[in-house]
Each structure stands twice: as C-alpha cells, then as structure tokens.
Amino acid sequence: MGKCSLSGDPSCDLIIVFETLLAAFGSQNWWPAEGPEEMIIGALLTQNTTWKNVEKALVNLRLDQQLSFSAIAVTPLTELQERIKPSGYFRQKSERLKALAIAVVDIGGLSQLARKATPDLRAWFLVLKGIGPETADSILLYAFNRPLFVIDTYTLRVCKRHNWLLAGVGYAEAQSFFIDKLPTDSALFNEFHALLVQIGKNFCRPNRPLCKKCPLNRFQI
DNA sequence: CCCCAGGCGTCCA
DNA sequence: TGGACGCATGGG
C-alpha cells in the first residue's frame, strides 16, 4: 500500500480504487477466450474495434476450424479475410494475423515461444507488424499470465477524465502510474484492467464532461 | 447524418 | 518525437 499518489489524500490509494470498482461491477473474469491462442487472435482482431464485432469473426473462425495458429498459418489470405471481415480492417488484420500464426508455428508453438523468445517475450511480439504496446501487454497478461499493466483507450480516458493523468500522457507513463503504485500481481492487473474497461464503457464516454454518477468521483483531485 | 469502437504503421515537421 | 491520417465493419 503506497501513499496516495492520486490526490494527496493517503486514504485515496489505487487499491481502494480497485476495491471500489470490484464492488461496483464484480469480478470480470477476463479474457473472454477458450485458451491462449484464441485470446491472442482476439487481441489482434479487437484493435480499435468493438468486441461484439470481434465475436462474429471468432465465430466464423471457429465454425471453419480456423481458431488456431496452425490452421491460420496455412490458410489462403482471401479465406481468412472473409472470416474476419466483421471485425474490420480485414486486409491489414488478415496479413498480420497470418504472419503472427506462422511465426508462432515456426518457433514450435506458444510453450516453446515462452521459453525461446529473445530478447524477451514482449520484445518478440513487438517486432511483429500489427502488435504494439497494448496488444503485446494484453497478450503477456491474459495469455501468459505475466504481470504487465495494460493501458487502452478506456484506461487512458478514465485516468485523464478524473485528472489522475495529464492530457498529454502516453502509454509508458500511464503504465508506470499503475505498476509503480501496485504490488506486482498478474491477477490484480488482470482484474483491474478489465474493471477499468467496464467503468469506461459505463461512465466515461468520449468528449463528454465528468459523469456525475461515476463511482470513481470520490477519487478526483 | 454524425461519432465511436478493448490500435497500429506510416509519414512528415 | 509527436501529431495527423488511413485502415473498415457495425452500432448508437
């Protein structure tokens, strides 16, 4: 329990924010996927895209027995495009997803990847086109159980709306804001991020003033 | 009609 | 190094 870095009030700790969110929304049990491969595929498809549209693409892939890297690695690009079309950017995403699948297959699967990735697992993913910091951290946290805090548009928006972070703050600084104040705990990071998405969806619409009903209002500066 | 969604790569100053 | 812009479908 660090001292309060949110507002100067020692009672106002990020852990208290977490407890408040957990009480408001309950355990989220993320990521919504059957296994690590499905999780990673979903992570790529959900970039700047609603999860509802991603689910349609995942259904298409599942029905065609294509919800695995081994299948995607050898599927024709045009077929892959048809399956993932509902999740948008299908030309870009199909190329990137197939390249990722081939890379994973080449290294011998996810368990081999976890052992052999150099210089480390995060860097291995970041080299691939279409995998940036958020997608890489999501994969590490939700597929590999590594304690990295994921920063997405919801998280950034919530932090800035409540004045925890300044408007210009980017990914790395926002990530430090959380990991520097929290115990290194992948289960905590997992649940916390999922809860921040919930608060973002429900009480933090873009280009709008602070929502009066937001459960986090007592943590403002 | 508008804006938005669980980003990222490229380009340009 | 950082801010615009394109990518694309589907929903409110």
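Letters A, B, ... are given to chains in the order of the sequence lines, protein chains preceding strands, and every chain is numbered from 1. The figures that follow rest on heavy atoms only: side chains count, while hydrogens, waters and symmetry mates do not.
Residue A:F125 contributes atom CZ, which lies 18 Å from atom P of B:dG7 at whole-angstrom precision. Following rounding to the nearest Å, A:Q47 (CD) and C:dC7 (P) show an atom-to-atom distance of 16 Å. Taking atom CH2 on A:W51 and atom C1' on B:dC4, their separation rounds to 18 Å, with Å as the unit. Rounded to whole angstrom, the span from the CD1 atom of A:I84 across to the P atom of C:dT9 amounts to 11 Å. Rounded to whole Å, the distance from CD on A:Q92 to C1' on C:dA8 is 9 Å. A:L45 places its CG atom 13 Å from the P atom of B:dC8, with the value rounded to the nearest Å. A:R208 places its CZ atom 10 Å from the P atom of B:dA5, with the value rounded to the nearest Å. What separates CG of A:N48 from C1' of C:dG11 is a distance of 14 Å, to the nearest Å.
Relative to the side chain of A:P206, the nucleotides B:dA5, C:dA8, B:dG7 differ in distance, and B:dA5 lies closest. With C:dG11, B:dA5, C:dA8 as the choices, the nucleotide that has an atom nearest any side-chain atom of A:K56 turns out to be C:dG11. Closest to the side chain of A:Y89, out of B:dC8, B:dG9, C:dC7, is C:dC7. Candidate nucleotides C:dT9, B:dG9, B:dG7 were compared by shortest atom distance to the side chain of A:K129, and B:dG9 ranks first. For A:P86, the side-chain atoms get nearest to C:dT9 when compared with the rest of C:dA8, B:dG9, C:dT9. Distances were taken from every side-chain heavy atom of A:T135 (C-beta onward) to each of C:dA8, B:dC8, C:dT9; the shortest belongs to B:dC8.
Taking only side-chain nitrogens and oxygens, A:R91 comes nearer than 4.0 Å to OP1 or OP2 of C:dA8. For A:N207, a side-chain nitrogen or oxygen approaches OP1 or OP2 of B:dC4 to under 4.0 Å. Distances shorter than 4.0 Å separate none of the side-chain N or O atoms of A:K93 from OP1 or OP2 on B:dC8. For A:T49 and C:dA8, the shortest distance from a side-chain N or O to OP1 or OP2 is not below 4.0 Å.
Side-chain N or O atoms of A:E38 include none that pairs as donor or acceptor with a backbone N or O of A:P36 at under 3.5 Å. Side-chain atoms of A:K181 come within 3.5 Å of backbone atoms of A:F177 as a donor-acceptor pair (strictly under, hydrogens ignored). Here the side chain of A:K85 pairs no donor or acceptor atom with the backbone of A:F90 at under 3.5 angstrom.
Within the 4.0 angstrom heavy-atom criterion, only backbone atoms of the sugar-phosphate kind lie near A:R96; the bases stay farther away. In this structure, A:D152 reaches the sugar-phosphate backbone alone: every heavy-atom distance under 4.0 Å involves primed, P, OP1 or OP2 atoms, never a base. Among the protein residues, A:R157 comes within range of the sugar-phosphate backbone only, with heavy atoms under 4.0 Å from sugar or phosphate atoms but none that close to a base. Counting non-hydrogen atoms under 4.0 angstrom, A:E134 reaches the backbone sugars and phosphates but no base. Backbone-only engagement by A:L128 is indicated by non-hydrogen atom pairs under 4.0 Å involving sugar-phosphate atoms exclusively. Counting non-hydrogen atoms under 4.0 angstrom, A:L44 reaches nothing in the nucleic acid. No contact: A:K52 has no heavy atom under 4.0 Å from any strand.
Listed by first then second residue, pairs satisfying ring pair (Phe, Tyr, Trp, His ring centres under 6.0 Å) with a partner in residues 95-121 of chain A number zero, not counting sequence neighbours.
Toward the 5' end of DNA chain B, the nearer of the two residues A:T46 and A:G130, judged by each one's closest nucleotide, is A:T46.
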Test side-chain contact (heavy atoms from CB on, under 4.5 Å) on A:I151 and A:E134; report intermediate values, then the result. CA-CA 6 Å; A:I151 305 298; A:E134 188 202 326; 5.9 Å; no

For side-chain contact (heavy atoms from CB on, under 4.5 Å), just list the numbers for A:L110 and A:E37, CA-CA rounded to whole Å, side-chain angles, deciding distance to a tenth of an Å, and then say yes or no. CA-CA 8 Å; A:L110 290 181; A:E37 293 203 7; 3.8 Å; yes

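Taking the P atom of each, C:dA8 and B:dT10 are spaced 14 Å apart, rounded to whole Å.
Under the 4.0 Å criterion applied to side-chain N and carboxylate O atoms, A:E79 and A:R83 are assigned as salt-bridge partners.
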